[in-house]
There are 2 protein chains.
Amino acid sequence: MTERPLLPLLHDAPVERADAARNRAALLEAAGRLIGRCGGLERVTMEAVAAEAGVGKGTVFRRFDSREGLMAALLDHSETAWQASVISGPPPLGPGAPPLDRLLAFGRSRIEATLLSADLIRAAGRAGTRSYAAYSFVAMHVRHLLTELEVGGDLPLLATALLAPLEVPVLEQQVRVEGFAVERVYAAWADLVRRVVA
Amino acid sequence: MTERPLLPLLHDAPVERADAARNRAALLEAAGRLIGRCGGLERVTMEAVAAEAGVGKGTVFRRFDSREGLMAALLDHSETAWQASVISGPPPLGPGAPPLDRLLAFGRSRIEATLLSADLIRAAGRAGTRSYAAYSFVAMHVRHLLTELEVGGDLPLLATALLAPLEVPVLEQQVRVEGFAVERVYAAWADLVRRVVA
DNA sequence: ATCTTAAACGGACCGCAGTCCGTTTTCATT
DNA sequence: AATGAAAACGGACTGCGGTCCGTTTAAGAT
């Protein structure tokens, strides 16, 4: 499951001890199991995760720093899989389609993925903007596509402006509070994109 | 300070008892004082606010429900003042200027006001999107200006898309993490607006 | 002035995130 | 295999947000 790198010295993370790695895996599994068993991850306490994994409470915090850290680690699996489908999945989300098609596919996929993991993303903290690594990836991807579309202007900030309406609080407001259909939210984002690249 | 309505029955808030009103005011003042005295509002505990105001802890939660509620009440003053300057202040933020000028002035003013109260807004919760009342106001205002500009499309969602980059997490990422100048952030937003209304 | 009652009060109490520190385990070295 | 030091472990402990409930108080009615 967790691959130990063949040349650990090349990675700056200084090699994890065997018991530490075992407990990390056990804790992630325990957390996933508990979230499934109870309804909703906010009802799962850190102590319960520790107990389910058969370790002490201190170990949970040693491994993941905080509740948000644990949630972020949990989120990492799906986020990584999603990133892979953007990097090397089938078009139009993956490479091979025209840039505008890719951008629109990106938006639709991002909306769906974000709404699907909304609770986890919120619990993983940063209160609205996902962790820096995740943000960097999507920002870079959108900048890249905008460059291919030969869009002028301040690309880093323009990319951010296109990404902002795809953040959890905005989508939840639109879909869960205002009751708009996901399809309509996507259509509006696509409209925004077309105006920007025009 | 706190005006009692002449015809209380017309308001659905069922009239506040004198001691309750006194304590509400005392608590807001105490909270403001403590936030000033200590550095940063996250170092101020609810118990400390209660003590500073000379009331019991239960009273704080009775009046404001939660820590977020207290922070939201604190924020309400400046938010209301800002709304007033949009509704009836001098142009171009207030009425009297052409719609595009008003929209651009709105963006600049909103960016500045949001960054100024960023800590409070974050502490007031809803994890990224401000309280519904505040959101409704700005959304309505932007929709209104877009209508005057004869912009077509799904106006409610288009307005949201223009507002999303002005939320706290986005602005803080750009200004505090990436180190962009506020002026540049505003310029990028203005560019976005011009592309959308074109 | 007194009475009634709904509302407000205060502070002990609870649950959970996060810390601390004495004990145990891993693993590289010999 | 023995050893030593760095790392991990566990669970008691702390601090704060939030609740509960017995007591007090405001304010309209008589």
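Each chain gets a letter, A, B and so on, in the order its sequence line appears, and its residues count up from 1.
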Query raised in the report: Between D/dC16 atom C1' and B/L41 atom CG, what is the distance in whole Å?
Result: 15 Å

Report summary line: Separation of C/dA8 atom C1' from B/D65 atom CG, nearest Å, is 14 Å

Report task. Encode nucleotides 9-14 of chain D as B, S and - characters from 5' to 3', where the letter depends on protein heavy atoms closer than 4.0 Å: B to the base, S only to sugar-phosphate, - to neither. Result -> BBB---

Requested in this report: Measure from CZ on A/R67 to P on C/dG18 and round the result to the nearest Å.
Outcome: 8 Å

Report summary line: Between CG of A/L27 and C1' of C/dG18 the distance, given in whole Å, is 15 Å

Query raised in the report: Can you name the residues that form a salt bridge (Lys or Arg N to Asp or Glu O under 4.0 Å) with B/D119, not counting sequence neighbours?
Result: B/R122

Query raised in the report: Honestly, is B/R110 close enough over B/W82, meaning NZ or CZ under 6.0 Å from the six-membered ring centre and within 45° of the axis?
Result: yes

Query raised in the report: Any side-chain heavy-atom pair from B/K57 and B/E47 closer than 4.5 angstrom?
Result: yes

Query raised in the report: What integer distance in Å separates B/R24:CZ from C/dA8:P?
Result: 10 Å

Query raised in the report: If you write DNA chain C from 5' to 3' in dot-bracket form, with Watson-Crick or G-U pairs under 3.5 Å, [ ] for crossing pairs and | for pairs with another strand, what do you get?
Result: ||||||||||||||||||||||||||||||

Query raised in the report: Does some side-chain heavy atom of A/R195 sit less than 4.5 Å from a side-chain heavy atom of B/L158?
Result: yes

Report task. Is it possible for you to check whether B/R24 lies under 6.0 Å from the centre of the six-membered ring of B/F64, through NZ or CZ, and within 45° of that ring's axis? Result -> yes

Query raised in the report: Can you name the residues that form a side chain to side chain contact (heavy atoms under 4.5 Å, CB included) with A/L149, not counting sequence neighbours?
Result: A/P99, A/L100, A/L103, A/V151, A/V197

Query raised in the report: Considering residues at least two apart in sequence or located in another chain, which fulfil the side chain to side chain donor-acceptor pair (under 3.5 Å) criterion with A/R67?
Result: none

Query raised in the report: Nearest-Å distance, CZ (B/F61) to C1' (C/dA7)?
Result: 20 Å

**Report entry** Atom-to-atom span, CE of A/M46 to C1' of C/dT19 - whole angstrom
**Finding:** 13 Å

**Report entry** Residues that A/R22 engages under side chain to side chain donor-acceptor pair (under 3.5 Å), provided they are two or more places apart
**Finding:** none

